[in-house]
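A short worksheet on the structure shown next.
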Amino acid sequence: MKEKYYITTAIAYTSRKPHIGNTYEIVLTDAIARYKRQRGYDVFFLTGTDEHGQKIGEAAAEAGITPQQYVDNVAGEIKTIWDLMGASYDHFIRTTDDYHVKSVQKIFNKLYEQGDIYKGEYEGWYCVPCESFFTKTQLVDGCCPDCGREVKTTKEEAYFFKMSKYQDRLMQYIEDNPDFIQPESRKKEMVNNFLKPGLQDLCVSRTSFDWGIPVTFDDGHVIYVWIDALSNYITALGYEPDAQGELYKKYWPADVHIIGKDILRFHTIYWPIMLMALGEPLPKQIFGHPWLLAGVDKISKSRGNAIYADDLVNLFGVDAVRYYLLCEMPYAQDGTISYENIISRYNTDLANVLGNLVNRTVAMQQKYFGGVIQAPVAGDFDEELQACALETAKLCAEKMDGFKTAEALAEIMNLARRSNKYIDETLPWALAKDESQKARLGGVLYNLLESIRFLAVLLSPFMPETAEAMFKQIGTTEDSFDSLASFGGMKPGASVGTPEPLFARLDEKKLLEEIAKMQPAAPKQEEKKEEVKESAAISIEDFAKLDLKVGLVVASERVEGADKLLVSQIKIGDEVRQIVSGIAKAYSPEELVGKKVVVLTNLKPVKLRGVLSEGMILAAADKKGLTLLTVDQDMPEGTPIS
């Protein structure tokens, strides 16, 4: 019997079309769900829409339609985008679904009947966009502490949930289950900022608007967002307080809720306490992912910097957009997006590294052997490639088990680079000129095809369409993760398919000009400006602004068309940064890999020769040459330098 795995996204709010920052979450969750299925789990993947609240009622009135018509339109748009991005969800819940409405009413009634909900009056400050109440001391410069917008004074009759009753129990649970809230920094934030200062009772009904689930025993009250929206994770499985459906019995508790860091408080404090009050098990883990930023700003329509998934797909294709989102977002820090960065990643990783590897390997197999796969013949450099493939599969699994998709993709691309290097080492076109080396040529191409098979299997959760195309081109259906336990899954005597480019290289200048015509306000990243500054004394405060850390170089290659530049993937703690350095005259890519270097991590990202650089490696230089600043090998990557 397969082990179950229940994974969810936060349900998307139906106030407007989701931008690419919202879309990141569904792509991340889908990659994890696909990976778990690949590992043999019985996965249930839930997503959906949150459709009640004052903001939606106001938006519907402004549009001149009913709230139900409004949410039907937006929910349809959200589902269309989720489907476009290849989301393999098992159920799409809407909080206007009849079964959800009835279950939420029963949940509210139970909490009221057992004394956890009581009637009172609320007076304070309310943020409509965030749908949150605040005390005056919680405001920041008189505005919402979460979004910075204007708040309104509110006084109304309401029901309240006794949060403080369960505070100590939740604190103990978090202490007993150290992995409950991830990343670790998010847990510290919740405990120190919210739990330790003490919880206030939570407003769980409203009377100032009527677009919500009615309280059955008190006309005029609608159930507020927390009980309504958060309960979706169990109502989708058929939960009711007096009866649990088969899906609920099978899949609850959830293995992980994937949510944005901005709604962590609701999921790690409000939701667990509600479950405790209901007498139900808590989810095993809650992962608060970072934000995707345009420059230094959070993406939002109101800021005028919104980028939408369907527009990006029209420009780059689904898998290229999925790849960018998953490789560009660090584990615990915010990621960035711009059209220039997407094009750079597309050309560097997908066209030059991955696409080129597959295309020329399959083309050589067709050219030299009529497409028929030959038996492997051992030779120089084979063991290194095979070891890299096997180690990549192991590392990728470790990273994905910890939701570190960017690091997993960095390992996968490192295997693709190593495979390209293997071509340069073995020179198959030279072997083809010598008839006595034909068997060895067949062995070289076999190893390359097998390495590509490893890549296709590993890429399947991230880029499913691309992986399928790779399997087709190399002529195999051996796509299970278990098949990566050994190197040798390709079958001699089988035939490869027709070589077709996976990713055609993009003309950056031409494409950016087209984008500018379509979206004049498209966010752009400033090019680096060279400045010559005189040496001057600085204060210790100035030095403290530099964020210097130990970094481990996990991959490196030359920048095409630049004699002095290397582009390296550098592991810094829980993330991998791409950094371009002018050190190619002093170091080869192979020499750089494995070194622990000093990295300036808070340098503004720039593009050098069209390649994104997210930091700086420190080095010393004189007339004799250049030397990197390195640290002792036992110093962990990510260690701060002061």
Residue pair Asp176, Gln172: steps toward the side-chain hydrogen bond (donor to acceptor under 3.5 Å, both in side chains) verdict: CA-CA 6 Å; Asp176 293 342; Gln172 188 62 50; 2.9 Å; yes
CA sep, side-chain torsions, deciding dist, call: Thr601, Leu548, side chain to side chain contact (heavy atoms under 4.5 Å, CB included): CA-CA 6 Å; Thr601 65; Leu548 299 169; over 6 Å; no
message: Run Ile423 and Leu357 through side chain to side chain contact (heavy atoms under 4.5 Å, CB included) and show every step you take.
response: CA-CA 9 Å; Ile423 294 177; Leu357 169 67; 4.0 Å; yes
task: Start with the C-alpha distance between Glu557 and Leu566, add both sets of side-chain angles, then the distance that settles side chain to side chain contact (heavy atoms under 4.5 Å, CB included), and finish with yes or no.
output: CA-CA 6 Å; Glu557 64 178 350; Leu566 296 181; over 6 Å; no
- request: Before giving the answer on side chain to side chain contact (heavy atoms under 4.5 Å, CB included), spell out for Leu458 and Leu484 the whole-Å C-alpha distance, their side-chain angles and the decisive distance to 0.1 Å.
  value: CA-CA 9 Å; Leu458 295 174; Leu484 305 187; 3.6 Å; yes
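Within a 6.0 Å radius of CD in Glu189, other residues, nucleotides and ligands contribute more than 12 heavy atoms. Atom CD of Glu398 sits in a crowded spot, with more than 12 heavy atoms from other residues, nucleotides or ligands closer than 6.0 Å.
Using a distance-only test at 3.5 Å, with no hydrogens or angles considered, no donor-acceptor pair links the side chain of Asn193 to the main chain of Met190. Judged purely by atom type and a 3.5 angstrom limit, Ser451 has no side-chain atom pairing as donor or acceptor with the backbone of Asn447. At distances below 3.5 Å, at least one donor-acceptor pair connects side-chain atoms of Asn602 with backbone N or O atoms of Asp547. Judged by distance alone, with hydrogens and angles left aside, the side-chain atoms of Asp382 form a donor-acceptor pair with the main-chain N or O of Gly379 at under 3.5 Å. With hydrogens and angles disregarded, a donor-acceptor distance shorter than 3.5 Å links the side chain of Asn192 to the backbone of Lys188. In this structure a side-chain-to-backbone donor-acceptor pair under 3.5 Å is missing from Tyr24 to His289. Using modelled atom types, one side-chain atom of Glu450 and one backbone atom of Gly488 make a donor-acceptor pair closer than 3.5 Å. Between the side chain of Arg322 and the main chain of Met85, a donor-acceptor pair closer than 3.5 Å is present.
At a threshold of 4.5 Å between non-hydrogen side-chain atoms, the residues Gln182 and Ile286 do not count as touching. Residues Leu46 and Thr9 have side chains not in contact (no heavy-atom distance under 4.5 Å, counting atoms from C-beta outward). For the pair Ile579 and Met616, the minimum side-chain heavy-atom distance is 4.5 Å or more. Using a 4.5 Å heavy-atom threshold, the side chains of Arg360 and Asn420 count as touching. With contacts defined as side-chain heavy-atom distances shorter than 4.5 Å, the pair Phe462/Arg34 does not qualify.
Looking at residues two or more places apart in sequence or on another chain, you find a side chain to side chain contact (heavy atoms under 4.5 Å, CB included) between Thr639 and Val550, Met635, Pro636. Not counting sequence neighbours, the partners of Ser568 by the side-chain hydrogen bond (donor to acceptor under 3.5 Å, both in side chains) test are Ser556. Qualifying side chain to side chain contact (heavy atoms under 4.5 Å, CB included) partners for Lys261, counting only residues two or more places apart in sequence or in other chains: Arg186, Trp291, Asp334.
Atom CD1 of Ile617 sits about 12.0 Å away from atom CZ of Arg577, to the nearest 0.5 Å. We find the OG1-CE distance between Thr348 and Met413 to be 10.5 Å, quoted to the nearest 0.5 Å. Rounded to the nearest 0.5 angstrom, Glu411 CD and Thr392 OG1 are separated by 6.0 Å. Atom CD of Glu407 sits about 11.0 Å away from atom SG of Cys396, to the nearest 0.5 Å. In this structure, OG1 on Thr8 lies 8.5 Å from CD1 on Ile259, to the nearest 0.5 angstrom. The CG atom of Leu459 sits 8.5 Å away from atom OH of Tyr323, with the distance rounded to the nearest 0.5 Å.
The two residues Cys388 and Leu415 have their closest heavy-atom pair at SG-CD1, 3.8 Å. Taking both residues in full, the closest heavy atoms of Pro272 and Phe180 are given as CG-CZ, 3.9 Å, listed atom of the first, atom of the second, then distance. Smallest separation of non-hydrogen atoms from Tyr173 and Pro283: OH-O, 3.8 Å.
Two rings, from His267 and Tyr233, have their centers less than 6.0 Å apart. A ring-centre distance under 6.0 Å is not found for Phe381 and Tyr422. The aromatic ring centroids of Tyr331 and Phe403 lie 6.0 Å or more from each other.
Each of Phe481, Phe487, Phe471 was evaluated against Phe454; a single residue qualifies, Phe487, per the ring-ring contact (aromatic ring centres under 6.0 Å, His included) test. Ile307 pairs in a side chain to side chain contact (heavy atoms under 4.5 Å, CB included) with only one of the listed residues (Leu292, Ile337, Thr23), which is Ile337.
Using the six-membered ring where Trp is involved, Phe503 and Tyr346 have ring planes that are perpendicular, over 60° apart on the 30 and 60° scheme.
Taking a cutoff of 4.0 Å between a charged side-chain nitrogen and a carboxylate oxygen, Arg417 and Asp349 qualify as a salt bridge. The pair Arg345-Glu328 meets the salt-bridge criterion, with a side-chain N (NZ, NE, NH1 or NH2) lying under 4.0 Å from an Asp/Glu carboxylate O. Contact check on Asp179 versus Lys187 returns no salt bridge, with no Lys/Arg side-chain nitrogen under 4.0 Å from an Asp/Glu carboxylate oxygen. Here Glu478 does not pair with Arg453 in a salt bridge; the nearest charged N to carboxylate O distance is not below 4.0 Å. We find that Arg418 and Glu425 are joined by a salt bridge, their nearest charged nitrogen and carboxylate oxygen being less than 4.0 Å apart. In summary, Asp255 and Lys4 engage in a salt bridge, as defined by a charged side-chain N under 4.0 Å from a carboxylate O.
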